[in-house]
Amino acid sequence: MLSKIRNFYTISSDAAPREFASEQEQQKHYKRLRMQSFVAATLGYSLYYVCRTGLNVMKKPIIDSGTLNATQLGVVSSALLFTYAVGKFVNGFVADHCNIKRFMFTGLCISAFVNAMMGIMGFTSGLIPATVMTVCFAVMWGFNGWAQSMGAPPAIISLSRWFSLKERGTFYGIFSASHNLGEFFSFVFVGCLVAFFSWQAGFFGSAIAGILGCILIYFYLHDHPGAHGLPSVEALSHEHVNKKTASMTTGEIQKMVFRTPAVWILALASAFMYISRYAINGWGMLFLQEAKGYSQETATWVISINALLGILGTVLSGWFSDKLFNGDRKIPALIFGILNSVALTLFFFGGNALWINIMAMVLFGIAIGVLICFLGGLMAIDIVPRRATGAALGLVGIFSYVAAGIQDVASGILIDGHSTLVDGVRHYDFLPVCIFWLGASVLSFILPLFNSKRRPDENE
């Protein structure tokens, strides 16, 4: 049984070389398959995100219903982040050896199923004690975290298998918009279901989004050019092949990641960036509702602005770093890191005016979109060989999501610990948690400065 499962997920063998009438015909076929894979990976991963971030929209209704409080929700949210962190590390290494279509498809199927089960359990909340509900939700959400960790590695590995080094930054930037696109879908689609029906309906909406993503991945994501009778991407794009790494096994190349200090620095920088990112996506709506008096509907669309504008930042990030900075991501990472801290300062301390908070989310969305692309993966895979793409992502991922998980627990404790109950109404002091979130954002743009410049074509 285990051998059959292993064979099912093993990377596809090269098919017999396919004959083409001309090199132009070969290039046309190659570009069609890689574009299908790119679209499937990008949209498929955005729907992965809906299955992960829907809970953020439901936090206030869940608290108001008396089902769970902020601390308990922090524990539930962190369960996903901790298992995701470990899973992304493990699955990053595993995915380098895998059929990426089957691997990514399986993870999203499991995630959609878990969301549906969470919705069903939600209807029993009045019959189950809060402690039991917290444990059940945390276990299921943690299981969802592992399934979610099967999404990013194969999606990004598909970029390495199908795109040349000169193009990778540009397409990686566009792919990174899947994070923001998924968050936007979550805030709008899931948010509408929660507003018009119930918070339980939000989980069912996430499950539907997951099913759509599974269909897309199954029909349009392709494993690698060789599986379709094409030469490797190095041959197709006329890249220089490093003879040393070409003679090494994938496992040996993956070990090189651990001996690269620059990857560890980027992993730590990404960890601090993820604290500020998940602070807004996880607690931003509660902050607007409790600290600024916004309604559920207004808070939802204000926070969703950052997800929508983040698409602009991610789509352009890889392209302008390739064209304007010759592949050096360090300077633009510094610029947008500072912008991220400025946006958070405006959001936390800029007052209650709607236009100010909208402006803060516009700036935050653009900045965090660029930083997700750079710190969250691209800068790391720029400095490792192509066959270690998943390993580099795994190392960055475990740092990022352990930090995000710690943030969720710490934020929930800080929010509850600085609240008071007056005449039956709870009042919150968000200053301590805002300082925590803002400090993390500052550290995230300082750390990458310690890395020396490394050209993308030096990684092989």
Side-chain angles (χ1 to χ4, degrees), residues 53 56-61 63-64 69-70 73-74 180 183-184 186-188 191 194-195 272-313 335-372 407-408 410-445:
T53 59
N56 297 335
V57 180
M58 307 172 211
K59 283 182 175 176
K60 174 67 173 172
I63 291 173
D64 289 344
N69 60 31
L73 277 173
N180 305 87
E183 289 169 0
F184 180 72
S186 183
F187 283 121
V188 174
V194 172
F272 286 113
M273 181 269 289
Y274 265 63
I275 289 176
S276 63
R277 176 194 175 196
Y278 274 82
I280 297 300
N281 291 338
W283 300 99
M285 284 185 58
L286 183 66
F287 176 76
L288 285 177
Q289 290 168 301
E290 296 295 342
K292 304 195 176 188
Y294 284 28
S295 66
Q296 168 81 20
E297 292 76 14
T298 304
T300 296
W301 72 260
V302 169
I303 296 298
S304 70
I305 289 172
N306 95 78
L308 185 61
L309 266 294
I311 296 173
L312 177 64
I335 294 170
F336 286 94
I338 294 172
L339 181 62
N340 179 41
S341 295
V342 170
L344 289 175
T345 302
L346 184 62
F347 185 67
F348 297 147
F349 309 113
N352 298 348
L354 182 61
W355 72 270
I356 290 178
N357 290 283
I358 291 174
M359 179 60 67
M361 287 297 94
V362 168
L363 298 177
F364 174 79
I366 294 173
I368 211 70
V370 174
L371 295 176
I372 288 172
Q407 173 277 137
D408 247 331
S411 297
I413 293 172
L414 285 170
I415 291 169
D416 271 344
H418 292 83
S419 66
T420 55
L421 194 63
V422 180
D423 297 328
V425 178
R426 187 162 295 279
H427 299 271
Y428 295 90
D429 177 11
F430 283 92
L431 180 60
V433 79
C434 287
I435 292 173
F436 166 52
W437 294 335
L438 187 58
S441 74
V442 173
L443 289 172
S444 72
F445 69 74

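I358 contributes atom CD1, which lies 10.5 Å from atom CH2 of W355 (distance to the nearest 0.5 angstrom). Interatomic distance, N340 CG to I366 CD1, rounded to the nearest 0.5 Å: 12.0 Å. Of the inter-residue distances, the one linking I335 atom CD1 with L371 atom CG reads 11.0 Å to the nearest 0.5 angstrom. Considering CG of N357 and CG of L346, their distance stands at 7.5 Å, rounded to 0.5 Å. Between atom CG of residue L363 and atom OG1 of residue T345 there is a gap of 11.0 Å, rounded to the nearest 0.5 Å. Taking CD of Q407 as the reference point, atom CZ of R277 lies at 11.5 Å (rounded to 0.5 Å).
S441 and S276 share no side-chain donor-acceptor pair at under 3.5 Å.
Relative ring orientation between F287 and F348 is described as perpendicular, the plane-to-plane angle rising above 60° on a 0-90° scale split at 30° and 60°.
A cation-pi geometry, defined here as NZ or CZ lying under 6.0 Å from the six-membered ring centre and within 45° of its normal, holds between K292 and F347.
Scanning all heavy atoms of the two residues, the minimum distance from A440 to I275 falls at CB-CG2, 3.6 Å. In this structure, A343 and F364 approach most closely via the heavy-atom pair CB-N, 3.4 Å. Closest approach of P61 and V194 over heavy atoms only: CG-CG1, 3.7 Å.
Applying the ring-ring contact (aromatic ring centres under 6.0 Å, His included) rule to F445 yields no partners; only residues at least two apart in sequence or on another chain are considered. Not counting sequence neighbours, the partners of A410 by the side chain to side chain contact (heavy atoms under 4.5 Å, CB included) test are F436. For Y274, the ring-ring contact (aromatic ring centres under 6.0 Å, His included) partners at least two apart in sequence or on another chain are Y278, Y401. Residues satisfying the side-chain hydrogen bond (donor to acceptor under 3.5 Å, both in side chains) criterion with W437, sequence neighbours excluded, are S411. Evaluation of the side chain to side chain contact (heavy atoms under 4.5 Å, CB included) rule for T298 yields Y294, S295, W301, V302, L354 as partners, not counting sequence neighbours.
Proximity of M273 to L443: side-chain heavy atoms (C-beta onward) are nowhere separated by under 4.5 Å.
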Checklist entry - What's the verdict on side chain to side chain contact (heavy atoms under 4.5 Å, CB included) for L344 and I280, showing C-alpha distance, side-chain angles and the deciding distance? => result CA-CA 9 Å; L344 289 175; I280 297 300; 3.7 Å; yes
